[in-house]
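Letters A, B, ... mirror the listed sequences (proteins, then strands); counts begin at 1. As a basis for the values below, the full set of heavy atoms in this structure was taken, side chains included, without hydrogen atoms, waters or symmetry mates.
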Number of protein chains: 4
Amino acid sequence: MNIKAKPAKALQRVRKKRDAEGSKKAILEAALIEFSEFGHAGARVDRIAKNAGVSKPLIYDYFGDKEAIYAAALKEAYIQIREGEGELNLDQLNPPDAIRALVHFTMDHFRLKPWFISMLNTENLRGGDTIRELRGADEIQSVLVEKLRSVLARGAENGQFRSRVDPVELYIFIASLCYFPVSNKHTLRAVFKCPVDDAWLERRADEAADMLIRYLAPA
Amino acid sequence: MNIKAKPAKALQRVRKKRDAEGSKKAILEAALIEFSEFGHAGARVDRIAKNAGVSKPLIYDYFGDKEAIYAAALKEAYIQIREGEGELNLDQLNPPDAIRALVHFTMDHFRLKPWFISMLNTENLRGGDTIRELRGADEIQSVLVEKLRSVLARGAENGQFRSRVDPVELYIFIASLCYFPVSNKHTLRAVFKCPVDDAWLERRADEAADMLIRYLAPA
Amino acid sequence: MNIKAKPAKALQRVRKKRDAEGSKKAILEAALIEFSEFGHAGARVDRIAKNAGVSKPLIYDYFGDKEAIYAAALKEAYIQIREGEGELNLDQLNPPDAIRALVHFTMDHFRLKPWFISMLNTENLRGGDTIRELRGADEIQSVLVEKLRSVLARGAENGQFRSRVDPVELYIFIASLCYFPVSNKHTLRAVFKCPVDDAWLERRADEAADMLIRYLAPA
Amino acid sequence: MNIKAKPAKALQRVRKKRDAEGSKKAILEAALIEFSEFGHAGARVDRIAKNAGVSKPLIYDYFGDKEAIYAAALKEAYIQIREGEGELNLDQLNPPDAIRALVHFTMDHFRLKPWFISMLNTENLRGGDTIRELRGADEIQSVLVEKLRSVLARGAENGQFRSRVDPVELYIFIASLCYFPVSNKHTLRAVFKCPVDDAWLERRADEAADMLIRYLAPA
DNA sequence: AATGAATGAGTTTTCATTCAT
DNA sequence: TATGAATGAAAACTCATTCAT
C-alpha cells in the first residue's frame with residue numbers, strides 16, 4: 001500500500017550542506033510526499049523540514065508560506081508525472097495495440113506514482129484554487145494527448161478506427177478508467193470487497209483496453 | 001485564515017430547542033457539508049457547531065470526538081447516496097436502454113450530490129482508515145450492483161449481451177467513467193481547458209453509455 | 001520610575017473564574033500595561049495572558065489578533081485618562097488660578113498615569129495608524145478643552161485675559177509643557193542632567209503656569 | 001506581516017565595494033531610518049542590511065548585535081541633529097528676536113529631521129537604557145543651551161529680560177513647545193482635528209515665541 | 001572585506017477538547 | 001438537554017544571529 005498515513009519514515013536525506021539548489025530540491029520532494037500523504041490542511045511544515053533535512057526557516061525563505069510550498073509541490077507532481085511520458089513510443093505499434101499500451105502505461109503511472117493521484121484529489125477537494133493560478137501550464141500539459149491524436153489518425157487511416165474521435169475526450173475515458181480504481185482503492189476494498197492489488201489493477205486495465213478498442217472500431 | 005471559507009451557504013438552522021433527534025440530525029448534516037468541503041484535517045468543529053446551530057459541547061456529547069463525527073458523516077454520505085437508488089426502475093427497459101439509464105443516473109448522482117465524491121476522496125486520501133472500521137456495511141452497499149446483475153441476466157438471456165460479465169466490475173467501469181470527470185473537474189478545466197458543466201457531463205455520460213453497450217454486446 | 005522595562009511583576013490578578021466581563025477587563029488592563037511598557041512590536045501576548053491570569057486563546061477569542069488588542073488598549077488608555085477629568089472643578093476659581101490648577105492637573109495626570117504618555121508615543125511612532133481607525137472619537141475627546149473655554153470666557157469677561165484665545169491651541173501649549181518633561185525624562189536626565197523627579201516636575205508646572213498666565217494677560 | 005512596511009523609500013545605495021568606511025556609514029544611515037521608523041523592537045536587521053546594500057554578517061561584524069546597532073544609531077541621531085546648531089548665529093540679533101529665531105530653529109529642526117524625535121521617543125519608551133550608557137556625552141550635548149545663556153545675559157544686561165533665568169529650563173520650555181506638536185501630530189490630528197502641517201507648526205512656533213518673550217520680560 | 005546558506009529560539013495564532021453551570 | 005467560558009498542545013511563521021567560504 002502506498003498512501004498509508006502512518007510510518008512516513010521517508011528516510012532523511014544525506015545531503016551536502018550549503019547547497020541551495022540541493023536544499024530546494026530536497027524540500028520540494030519532501031513537500032510532495034507530505035502533501036500527498038496528508039492533504040493540504042493535514043500537511044505539517046515541521047515534517048517537511050525534518051524529512052528534507054533542513055530547518056523550517058529555510059523552507060519559508062525559499063518558498064514563502066505553506067500555500068506556496070503546496071503550489072510548488074503540486075507543480076512538481078505534474079512535472080514528475082510528465083517525465084517519462086515522452087519516452088512512451090507508440091509509433092511502431094498497430095493502433096489497437098498502441099491503445100492497449102497507453103492504457104497500461106496510464107494505469108502503471110497512477111499505480112506506481114500514487115502521490116500524483118493524491119495531489120490531484122487534494123487539489124480538487126480544494127476547488128482547484130491553486131492550479132488555476134499556476135504559471136507554466138505547458139509544463140503540466142500531458143503529451144499523451146498528442147500521442148493519442150497520432151494513433152487515432154493512423155487507425156482512422158487504415159480503417160481500424162472510426163474517424164473524428166476527439167483525443168482529449170478519449171484520453172479522459174482512459175484516465176477515468178485507470179484513475180478510479182487506484183484513487184478509490186480503499187473504499188472499493190471496503191464496499192465491494194475488491195482485492196485491489198497490482199494484478200487486479202492490471203486486469204482492469206486490460207479489460208478497459210478491450211472496451212476502448214471496441215469503442216473505437218468503425219460501426 | 002488559510003482555507004478560503006467559501007460562501008458558507010449552509011444557512012444556520014432554526015430549530016426547536018430540547019430536540020435531541022433534531023440536534024443530532026442537524027449536526028450530521030452540517031458535518032457532512034463541512035468535511036466534504038474542507039476534508040478531514042481542514043474541517044472545523046466550530047463551523048459545524050455554528051452551521052448546525054448548536055454548541056460545541058453538544059457535539060462532543062453526541063459523537064465523542066472529531067474522528068467520530070467524521071465517521072458518522074461518512075456513513076451519512078453513503079446513506080444519503082443510497083437513498084433514491086432503490087427507486088431506479090430498470091426492469092421495464094430494454095437492457096441496453098437500462099445500461100444507458102444507469103449511467104446517466106450515476107452521473108447525475110455524482111453531479112448533484114457533490115459531497116459524496118468529496119467524502120470518498122477524503123476517505124481515500126486518508127487511506128480508508130475510517131470506512132474499514134465502519135459498522136453496517138449493508139447500509140453502504142449499493143443496490144445498483146444488484147439491479148445491474150438483473151439487467152445483465154436479461155441481456156444475456158435475449159442475446160443482446162455477452163454472458164459472464166461480472167456486475168461489480170461493470171459497475172466499477174460505470175462509476176469510473178462518471179466519477180473522474182466530476183471529481184477532477186477543476187484540474188480538467190485547468191489542464192485540458194474542458195468546459196466541465198452539466199451539459200458537457202451529460203454528453204460524456206451518453207458517450208460512455210455507447211461505449212459500455214458496445215462492450216457488452218456479444219462478439 | 002514608572003516605565004521601567006524590567007521586573008514587570010504586575011501581580012497576577014485573582015479573579016473569579018467563568019466571568020467573561022471580568023476576564024475581558026483583566027486582559028485589557030494587562031494589555032495596557034504591556035503595550036505601554038514595551039511598545040507595539042515589543043509587547044508579548046504571552047505576557048498579557050499571564051498577567052491577566054487567562055490563557056492566550058481566550059485573548060484571541062475576545063479580541064481577534066494582536067493589532068486588535070492594541071487598539072482596545074489604546075482606547076482604554078484614553079478612556080482611563082478621561083476618567084477624573086470631569087471631576088476637575090474650575091468654576092469656583094479665579095481664572096488665573098484655574099489655569100494654574102489645570103496645568104498642575106495635567107502634569108499630575110501625565111506623571112501618575114505614565115502608560116498614557118507611553119501609549120501616545122507608541123501610537124505616534126506607528127504613524128497613528130490605529131487611532132485613525134478608532135471608533136468612538138467622543139470617548140477619547142478631552143473635556144479639558146471645554147473647561148478651558150469657559151475659564152477663558154470668564155477671564156476675558158472680567159478683563160483678566162485677552163479675548164479670542166483658542167482653547168484648543170492653549171490646551172496644546174499646556175499639554176506640550178507637561179508632556180515633554182515627563183515623556184523625555186530619561187533623555188533629559190542623560191543629556192541635561194536634570195533631576196527629573198516629582199518635585200522638579202511640579203516646579204516646572206508652576207513655572208509653566210506663570211508663563212501661561214502672563215501670556216493670557218491683556219496687552 | 002504586522003507592521004505596514006511603509007513606502008520603503010530608502011533607495012538601496014549604490015556603493016563601491018570593499019569600502020569599509022562607506023559600508024559602515026551606509027549601515028548607520030539605514031539603521032537610523034529603520035529604528036526611527038519602526039522603533040527598537042520593530043526594527044529589522046534584514047531591512048537595515050537591504051537598505052544599506054550590505055549583507056547581514058557585515059553588520060554584525062561591524063557593530064556586534066542589534067542593541068549595539070541601535071546605540072550607534074541613537075548616537076548618530078544626536079550627532080546629526082547637533083550639526084547645524086553651531087551655525088545658528090544669534091549674536092547679531094536683538095535678544096527677543098534671538099529667542100524667536102531660536103524657537104523657529106528648533107521647530108524646523110524637529111519638523112525637518114523627524115527621525116530625531118522618533119529616536120528620542122523610542123529611547124524614552126525603552127526607559128533610556130541605552131543613552132544612559134552612551135559614551136561621549138559631549139557629542140550629544142546641545143550647544144543651543146550655551147547660545148541661549150548668552151542671549152539671556154545680553155537681555156538681562158540691557159533690561160529687556162529678567163535676570164536669573166536658567167537657560168536649561170528655558171530651553172526645556174522651548175523644546176517642549178516644539179516637540180509635542182511634531183511628536184504627537186497623528187494623535188493631534190485624530191483627537192483635536194488639528195491640521196498639523198508645516199504652516200500650522202510655524203504658527204505655533206510664532207505664538208510660542210510670543211509667549212516666551214513675554215515670560216522673559218521683567219515684571 | 002564580504003556574503004549566501006542556514007538555524008535556535010521564539011512569537012503569533014489556531015483548534016480540538018473540557019469545565020462549570 | 002444544553003452552553004458560555006476556558007485551555008493545552010500544537011501549528012504557521014519570524015528574526016537575531018552564526019557558519020563556511
In whole angstroms, how far is the P atom of E:dT14 from the CZ atom of C:Phe63? 16 Å
CG of A:Asp61 versus P of E:dA5: gap in Å, rounded? 9 Å
Scoring nucleotides 16-21 of chain F by protein non-hydrogen atoms under 4.0 Å (B base, S sugar-phosphate only, - none) yields SBBBS-
Does any part of the side chain of C:Leu74, heavy atoms only, come nearer than 4.5 Å to the side chain of C:Phe35, both counted from C-beta? no
Among E:dA2, F:dA6, E:dT7, which nucleotide has an atom closest to any side-chain atom of D:Ser23? E:dA2
Taking only residues at least two apart or on different chains, which pairs with a member in residues 55-66 of chain B satisfy side chain to side chain donor-acceptor pair (under 3.5 Å)? B:Asp46-B:Lys56
Contacts of type side-chain hydrogen bond (donor to acceptor under 3.5 Å, both in side chains), residue D:Gln80, not counting sequence neighbours: D:Glu76
In whole Å, I'd like the distance from the CG atom of B:Leu58 to the P atom of F:dT1. 9 Å
A:Ser36 versus B:Leu125, closest heavy-atom pair with distance: O-CD2, 4.3 Å
By ring-ring contact (aromatic ring centres under 6.0 Å, His included), which residues pair with C:Phe63, not counting sequence neighbours? none
Intra- and interstrand pairs of DNA chain E - dot-bracket, Watson-Crick/G-U under 3.5 Å, | marks other strand: .||||||||||||||||||||
Any A:Tyr62 side-chain N or O less than 4.0 Å from OP1/OP2 of E:dA6: yes
Interatomic distance, A:Lys50 NZ vs E:dG8 P [rounded to whole Å]: 14 Å
Can you measure A:Glu34 atom CD to F:dA12 atom C1' for me and round it to whole angstrom units? 13 Å
Set of salt bridge (Lys or Arg N to Asp or Glu O under 4.0 Å) partners for C:Lys75, sequence neighbours left out: C:Glu139
Partner residues of D:Thr130 under the side-chain hydrogen bond (donor to acceptor under 3.5 Å, both in side chains) criterion, sequence neighbours left out: D:Glu67, D:Arg126
Whole-Å distance, A:Ile59 CD1 to F:dA11 C1', equals 14 Å
Qualifying residues under side-chain contact (heavy atoms from CB on, under 4.5 Å), relative to A:Ala30, sequence neighbours excluded: A:Ile48, A:Asn51, A:Ala52
Not counting sequence neighbours, which residues clear side-chain contact (heavy atoms from CB on, under 4.5 Å) with C:Thr187? List them please. C:Asn184, D:Tyr78, D:Leu120, D:Glu123, D:Asn124, D:Ile131
